[in-house]
Amino acid sequence: MSLLQGVLSQVLSWAGLCQILYLLGTGLVAVVAAWTVKLLVRHVWYTHKLSCFSKPHANSWLIGHLGQMQNTEEGLQQVDDLVQTFKHSCCWFIGPFYHLVRVFHPDFVRPLLVAPASITVKDELIYNHLRPWLGQSLLISNGEMWSRKRRLLSPAFHFDILKNYVTVFNASTNIMHDKWRRLVAEGSSNLEMFDQVTLMTLDSLLKCAFSYNSNCQESTSEYVSAIVELSDLIIDRRQKVLHHWDWIYWKTQQGKRFKKALSIVHGFTREVVQKRRARISQQKSTETPSDFTTKPRRKDFVDIILLTEDENGQSLTDEEIQAEANTFMFAGHDTTASAICWTLYNLARHPHYQEKCRQEVVDLMQGRDAPTLEWEDLSNLPFTTMCVKESLRLHSPVQAVTRKYTQDVALPGGCTVPKGAICLVSIYGTHHNPVVWTNPHELHRSEVRSGRAASRCGVDPAQVSSDPRSEP
């Protein structure tokens, strides 16, 4: 006992306390120093490995291009300058933390897009910020987990399933059109179209994914507002390097707003999945197996993935289904709204093409009692389809996709992407590369044939559309 008291008195004395603090401080400094040395050695190694690529002017060898990448119109003009200067690729350093290879030529894009899934992984620069929201969904996962989820989710995107959604798209679009007519009748001369179209796409996806009528086009929805806020906060976080570390971000005001919006979105999805699973279980117990599988009913996205099983008879867990449903909403609403708005913008800039698209639809609907498009009509609008695809080239909803590779990847011209470096495939840069396109910022009427853009990239269009590695 006396020994214990002696030790405690020594430790609790000022001298003992100072010694403890000194040891803790020394240990902390040693850890920080070791981390810094490791970071700098890694930075020097990547600088050497990426020396085969041209490098735009950097602020310094250490800071690199930190702060130069912008998510604005000026950022796109910056990409135009890079493409004009470097033609096919360049390397990019965001401080000593991230080392990127930016590619914007078909010959350099192809090896990256066709690399085996076994060596392709999602990088931390873009995808880590999505994990709190989307979990280990198809968009985030890698390897065997990705392959299993890809197989399980494929039935949800079969044409026979998608056909049923056309009536939903029509209904949501009619709500938007009626709202526009009312606003014009009330004297509105200006309309922020992107906001309106975004609400329409969210309305459609909520009905397709959850069979949920949010009425978000006419009234505010807490869930819809939370999705929009999460999307904005993720973009904001990417621009602030210090916010890339969770232990800093969650203490900021933006981090606290993110958590609040996240609880709303996750709570909604969790409730829908649990109720739907309970309903399906009840139906299975009250109906015969043949009735349950053959009785006509329109199944939504959640229904389909709840009923899907892999080769071992295992289905997705509730958490996995929630992650996929959240991904469906996140990846679908903003990109679709952007594509629609830019298509309408480009048609407005070219009234003669707009009139040709209108006449094509009018001719198709000739003699019908109800002016409603059906699934089969989509293949009978060739000129409108060409205009949509050319608009996607001019204004890609997703500007770039990023990946990392677990082994070196060879590119043309003797260049090699070292394992661990982030590859940024610039969709915008490739679609506006003057080496590939004549007057790339102008509408190419002769180039808007189906699959033409993909063919110019040296990639089979069918392969690009069916391989999720070509998605963000």
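Reckoned from all heavy atoms, side chains included, excluding hydrogens, waters and symmetry mates.
Distance alone, capped at 3.5 Å, is enough to place a donor-acceptor pair between the Thr167 side chain and the Asn164 backbone. Judged by distance alone, the side chain of Lys356 and the main-chain N or O of Phe383 form no donor-acceptor pair under 3.5 Å. With hydrogens and angles disregarded, a donor-acceptor distance shorter than 3.5 Å links the side chain of Ser391 to the backbone of Thr343. Judged by distance alone, the side chain of Asn174 and the main-chain N or O of Asn170 form a donor-acceptor pair under 3.5 Å. In this structure a side-chain-to-backbone donor-acceptor pair under 3.5 Å is present from His266 to Trp133. Not a single donor-acceptor pair under 3.5 Å links the side chain of Arg403 to the backbone N or O of Thr120. With hydrogens and angles disregarded, a donor-acceptor distance shorter than 3.5 Å links the side chain of Glu324 to the backbone of Leu138.
With sequence neighbours left out, the side-chain contact (heavy atoms from CB on, under 4.5 Å) criterion links Thr317 to Glu319, Glu320. In this structure, Lys87 has no salt bridge (Lys or Arg N to Asp or Glu O under 4.0 Å) partners at least two apart in sequence or on a different chain. Taking Glu229 as the reference, Arg257 meet the salt bridge (Lys or Arg N to Asp or Glu O under 4.0 Å) condition, with sequence neighbours excluded. Applying the ring-ring contact (aromatic ring centres under 6.0 Å, His included) rule to His105 yields no partners; only residues at least two apart in sequence or on another chain are considered. A search for side-chain contact (heavy atoms from CB on, under 4.5 Å) contacts involving Gln314 returns Arg148, Asp310, Asn312, not counting sequence neighbours. For the salt bridge (Lys or Arg N to Asp or Glu O under 4.0 Å) test, residues two or more places apart in sequence or in another chain that qualify with Glu144 are Arg151. Residues forming a ring-ring contact (aromatic ring centres under 6.0 Å, His included) with Tyr212 (at least two apart in sequence, or on another chain): Phe268. Applying the salt bridge (Lys or Arg N to Asp or Glu O under 4.0 Å) criterion to Asp160, with sequence neighbours excluded, gives Lys163. For His333, there are no ring-ring contact (aromatic ring centres under 6.0 Å, His included) partners, not counting sequence neighbours. By the side-chain contact (heavy atoms from CB on, under 4.5 Å) test, Ala209 is found to be paired with Phe301, Phe328, Met329, residues two or more places apart in sequence or in another chain being considered. With sequence neighbours excluded, the residues that form a ring-ring contact (aromatic ring centres under 6.0 Å, His included) with Tyr345 are Trp342.
For the pair Asp318 and Arg270, the salt-bridge criterion is not met [side-chain N within less than 4.0 Å of a carboxylate O]. Under 4.0 Å is where a charged nitrogen must lie from a carboxylate oxygen, and between Asp203 and Lys207 at least one such pair does.
Of all heavy-atom pairs between Ser263 and Lys260, the closest is OG-O, 2.6 Å. Here the closest heavy-atom approach between residue Phe104 and residue Arg102 is recorded as CE2-O, 3.8 Å. For the residue pair Glu309 and Ser315, the shortest heavy atom distance occurs at CG-CB, 4.2 Å. Lys149 and Ser141 get closest at one heavy-atom pair: CD-OG, 4.3 Å. Here the closest heavy-atom approach between residue Ala325 and residue Phe210 is recorded as CB-CE2, 3.7 Å. Nearest approach of Leu183 to Gln196, heavy atoms of both residues: CD1-NE2, 4.5 Å.
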For this session: Go through Phe97 and Leu125 one step at a time and tell me if the side-chain contact (heavy atoms from CB on, under 4.5 Å) criterion holds.
Result: CA-CA 10 Å; Phe97 310 108; Leu125 176 61; over 6 Å; no
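Aromatic ring pairs are classed by plane angle as parallel below 30°, tilted from 30° to 60° and perpendicular above 60°; the pair Trp92 and His65 is parallel.
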Counting only pairs under 3.5 Å, give me each side-chain donor-acceptor contact of residues 368-376, with atom names and distances, residues two or more places apart or in other chains.
from   : atom 1 : to     : atom 2 : distance (Å)
Arg368 : NH1    : Thr372 : O      : 3.3
Arg368 : NH1    : Asp377 : OD2    : 2.8
Arg368 : NH2    : Asp377 : OD1    : 2.7
Arg368 : NH2    : Asp377 : OD2    : 3.3

